[in-house]
Amino acid sequence: MTTRITAVCLCLSALLSSHAAAQTLYKSVMPDGSVVYGDKPAPGAAKVEEPKIDTSTKGLGGTTAREAEALKELETSRGKREAAGAKLQAAEEALRRAEAARAAGKEPLPSERIGTAGGASRLNDAYEARQKKLNDAVQNAQRNVDQLRPGQ
């Protein structure tokens, strides 16, 4: 029951606050120079002003040159961060692929074995060269990721 009452109170306060924000405020200057603010023009006022705010294109206050410059700087820095994030993701993906290739390349290929005089076999230099190439690819990819990570 209290939840329902709370919800009703919140709805009423929202309606009342939106109504209050929509009211017109008048600034009346009296003949003696005093200023009176109210929701109706003051009787006998020498001058009454009803402020008009144009929110059609510029919002409430418009932008100054300094605000426009700050906004442009923020957009530029956001673009740079997004580009850096995309580069980092690509580098991390390249690292994952290099690690997967290294793991898949652990098994020697049939051409990478040499038979011995005793009837066994051993790995030849081609296997060692291929393993070195796979390890170098992982190290290069890791180096790229480390360079692109912030704070590195």
List the residues meeting side-chain hydrogen bond (donor to acceptor under 3.5 Å, both in side chains) with [X], not counting sequence neighbours, and say none if there are none.
{"X": "D125", "answer": "none"}
{"X": "Q139", "answer": "none"}
{"X": "E93", "answer": "R96"}
{"X": "N140", "answer": "R143"}

How many angstroms lie between [atom1] in [X] and [atom2] in [Y], if you round to the nearest 0.5 Å?
{"X": "E92", "Y": "Q142", "atom1": "CD", "atom2": "CD", "value": "9.5 Å"}
{"X": "N124", "Y": "R122", "atom1": "CG", "atom2": "CZ", "value": "7.5 Å"}
{"X": "L74", "Y": "E69", "atom1": "CG", "atom2": "CD", "value": "11.0 Å"}
{"X": "N135", "Y": "K132", "atom1": "CG", "atom2": "NZ", "value": "8.5 Å"}
{"X": "E82", "Y": "K80", "atom1": "CD", "atom2": "NZ", "value": "13.0 Å"}

For the pair D146 and R149, evaluate side chain to side chain contact (heavy atoms under 4.5 Å, CB included) and give the outcome as yes or no after the intermediate values.
CA-CA 5 Å; D146 291 342; R149 279 208 177 114; 4.0 Å; yes
Single-linkage hydrophobic cluster V145~L148, side-chain heavy atoms < 4.5 angstrom:
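Same cluster: V145 reaches L148 through Ile, Leu, Val, Met, Phe, Trp or Tyr contacts under 4.5 Å.
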Which pairs with one or both residues in residues 99-121 pass salt bridge (charged side-chain N to carboxylate O under 4.0 Å, His left out), sequence neighbours excluded?
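Non-adjacent pairs meeting salt bridge (charged side-chain N to carboxylate O under 4.0 Å, His left out): E112-R130.
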List, by chain and then residue number, the residues other than Y127 in its hydrophobic cluster (Ile/Leu/Val/Met/Phe/Trp/Tyr, side-chain heavy atoms under 4.5 Å); write none if there are no others.
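Y127 clusters with L123.
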Side chains of M30 and V35 in contact at under 4.5 Å (non-hydrogen atoms):
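Side chain of M30 against side chain of V35, heavy atoms only: no contact under 4.5 Å found.
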